Protein chains: 2
Amino acid sequence: MTIARTSSGGAPTRGRRPGRSTGDDRELAILGTAERLLAERAFADISIDDLARGAGISRPTFYFYFRSKDAVLLTLLDWVIEEADAAAGDVLDRLAEDPRARWRELIGRFHATFGGHRAVVLACAQVRGTNAEVRRLWAAVLERWVHAVETAIEGERRRGAAPDGLPARDLAIALNSMNERVWYATFAGDGPAVAERDVVDVLLEVWLTAIYRTTCPPPA
Amino acid sequence: MTIARTSSGGAPTRGRRPGRSTGDDRELAILGTAERLLAERAFADISIDDLARGAGISRPTFYFYFRSKDAVLLTLLDWVIEEADAAAGDVLDRLAEDPRARWRELIGRFHATFGGHRAVVLACAQVRGTNAEVRRLWAAVLERWVHAVETAIEGERRRGAAPDGLPARDLAIALNSMNERVWYATFAGDGPAVAERDVVDVLLEVWLTAIYRTTCPPPA
DNA sequence: GATCTCATTCGACAGGGTGTTGACTGGCGT
DNA sequence: ACGCCAGTCAACACCCTGTCGAATGAGATC
């Protein structure tokens with residue numbers, strides 16, 4: 001199953017004033033400036049003036065393109081989510097071929113996507129606490145991923161590869177939550193963190209033991 | 001082992017000017033106001049003026065007692081951490097008696113402590129992204145807890161109750177991270193979350209399977 | 001009691017960020 | 001030539017933070 005993108009709706013125009021197309025390059029310039037500045041300092045330390053100047057416009061003009069600083073981040077987050085969904089593809093549909101390899105593929109691809117945009121991911125984690133829109137978007141996305149994993153776990157139980165136990169949904173929530181927090185620590189690099197080189201394998205082992213009670217689940 | 005509180009130092013005076021004792025009640029009033037307001041709105045939506053007025057003083061006077069709004073939260077966090085450490089006690093020293101019961105006790109006590117101060121915990125999670133001091137304090141505390149769990153896992157492996165596998169530290173990081181994120185979702189109530197009634201048992205099952213590969217590890 | 005000291009308090013200011021208003025510009029269809 | 005409108009920005013109003021310097025007043029000291 002390709003992870004269904006039903007709810008979240010038409011993403012890439014979020015926060016954009018319903019305008020002409022002439023200023024598209026300005027909009028891109030703002031987004032580019034945001035991702036660039038995010039790589040060197042925290043989101044909270046970037047002012048709208050920084051974004052505007054970086055894009056070669058004045059502060060009021062910024063408001064012509066985005067409702068707020070947060071709306072810029074929201075657009076960036078949309079991109080990352082889209083990329084992650086594409087990377088995940090239909091791996092979960094082919095679990096039975098080789099469960100360990102497929103789960104690893106799934107976790108590995110998410111890791112690669114988030115790692116490739118760590119500045120955006122970290123910034124979103126930081127503002128999720130204060131911005132309701134980021135919170136809502138992230139909640140909706142997580143819900144999709146949790147649901148996909150829940151369904152996959154139920155499939156593995158049905159074919160006898162995984163034992164019964166926790167409700168599949170609770171297990172899926174716990175495992176997805178673990179990944180999110182562990183990646184955050186690894187990318188942020190503050191506090192106890194798993195080395196980036198090892199993180200996919202560490203997460204994989206916990207997923208496998210939690211789902212199958214073994215690290216070598218049987219193929220079909 | 002009682003979880004060692006070596007590094008974090010003398011906690012309860014953080015941010016307080018080294019002053020007389022007359023104004024202690026004012027300080028308490030500020031802290032009380034903070035915890036009360038935190039229960040009804042987000043930390044970012046509370047101004048220093050709110051805290052000052054709530055404590056019956058003017059804004060400049062606030063600065064006599066605390067360096068900043070964040071320093072207030074930091075003091076509140078210190079309290080919660082102290083309470084959690086006390087609640088955890090020496091449970092991990094008595095793991096072999098009945099591993100499942102002891103792990104459940106540990107997770108359950110943390111759950112009770114955090115749940116009893118969810119407003120503070122949620123606020124800290126929200127500002128951790130923007131405030132370096134909260135980040136540092138939380139990182140230090142987590143490091144202690146991770147280390148305690150790591151040691152406990154190694155003990156269980158040594159006595160043959162738990163199989164070898166992931167480095168104990170990586171496993172401890174992953175499991176602690178999971179708890180943190182899952183609790184956050186449960187307390188915040190946005191996005192996919194485990195029901196508060198079930199959360200301890202859900203976490204426990206994942207811990208047991210990840211550490212022992214079974215949900216009924218053997219006592220000594 | 002007069003005086004001194006020092007913790008405590010706050011009015012007033014400076015600074016920096018956000019979001020809005022109203023006027024200006026220049027390309028383009030008529 | 002004229003009007004329209006996307007696009008632009010100087011200037012403003014507002015809010016919040018942090019600081020400074022001048023009061024206040026309770027106890028210690030003479």
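What you see is a predicted model; the values in this text were computed from it and never measured. Chain identifiers are assigned alphabetically (A, B, ...) following the order of the sequence lines, protein sequences preceding nucleic acid strands; residue numbering begins at 1 within each chain.
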Lys/Arg N to Asp/Glu carboxylate O, R102(A) vs D90(A), below 4.0 Å: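 Salt bridge absent between R102(A) and D90(A).
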
Salt bridge R100(A)-E205(A), side-chain N to carboxylate O under 4.0 Å: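 The answer is yes: the pair qualifies as a salt bridge.
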
Of all pairs that satisfy salt bridge (Lys or Arg N to Asp or Glu O under 4.0 Å), the ones with a partner from residues 172-191 of chain B, not counting sequence neighbours: R135(A)-D190(B), E180(A)-R181(B), R181(A)-E180(B), R128(B)-E180(B)

Presence of T61(B) side-chain N/O under 4.0 Å of dT9(C) phosphate oxygens OP1/OP2: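 For T61(B), the contact criterion (side-chain N or O under 4.0 Å from OP1 or OP2 of dT9(C)) is not met.
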
Y63(B) vs dC10(C): side-chain N/O to OP1/OP2 distance below 4.0 Å: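 False: Y63(B) side-chain N/O out of range (4.0 Å or more) of dC10(C) OP1/OP2.
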
To the nearest angstrom, how far is [X] atom [atom1] from [N] atom [atom2]?
X	N	atom1	atom2	value
D49(A)	dA10(D)	CG	P	11 Å
R53(B)	dC10(C)	CZ	P	10 Å
F62(B)	dT19(D)	CZ	C1'	14 Å
D70(B)	dC16(D)	CG	P	16 Å
D50(B)	dC15(D)	CG	P	13 Å
L51(A)	dG19(C)	CG	C1'	15 Å
K69(B)	dC16(D)	NZ	P	10 Å
R67(A)	dT20(C)	CZ	C1'	16 Å

R109(A) and E83(A): CA distance, side-chain angles, deciding distance, salt bridge (Lys or Arg N to Asp or Glu O under 4.0 Å) verdict: CA-CA 10 Å; R109(A) 288 183 178 188; E83(A) 191 179 324; over 6 Å; no

Closest to the F64(B) side chain, choosing from dG19(C), dC10(C), dT8(C): dT8(C)

Nearest-neighbour nucleotide for the R59(B) side chain, dC13(C), dA6(D), dA10(D) considered: dC13(C)

Ring centers of F187(A), H117(A) separated by less than 6.0 Å: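 Aromatic pair excluded; centres sit 6.0 Å or further apart.
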
Residue that, paired with F114(A), satisfies side chain to side chain contact (heavy atoms under 4.5 Å, CB included) out of T186(A), V121(A), V120(A): V121(A)

S47(B)-D50(B) side chain donor-acceptor pair, cut-off 3.5 Å: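 Looking only at side-chain atoms, D50(B) and S47(B) do form a donor-acceptor pair, the distance falling under 3.5 Å.
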
Contacting residues from residues 38-48 of chain B, given that a heavy atom lies under 4.0 angstrom of DNA chain C: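 Of all residues in residues 38-48 of chain B, none places a heavy atom under 4.0 Å from DNA chain C.
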
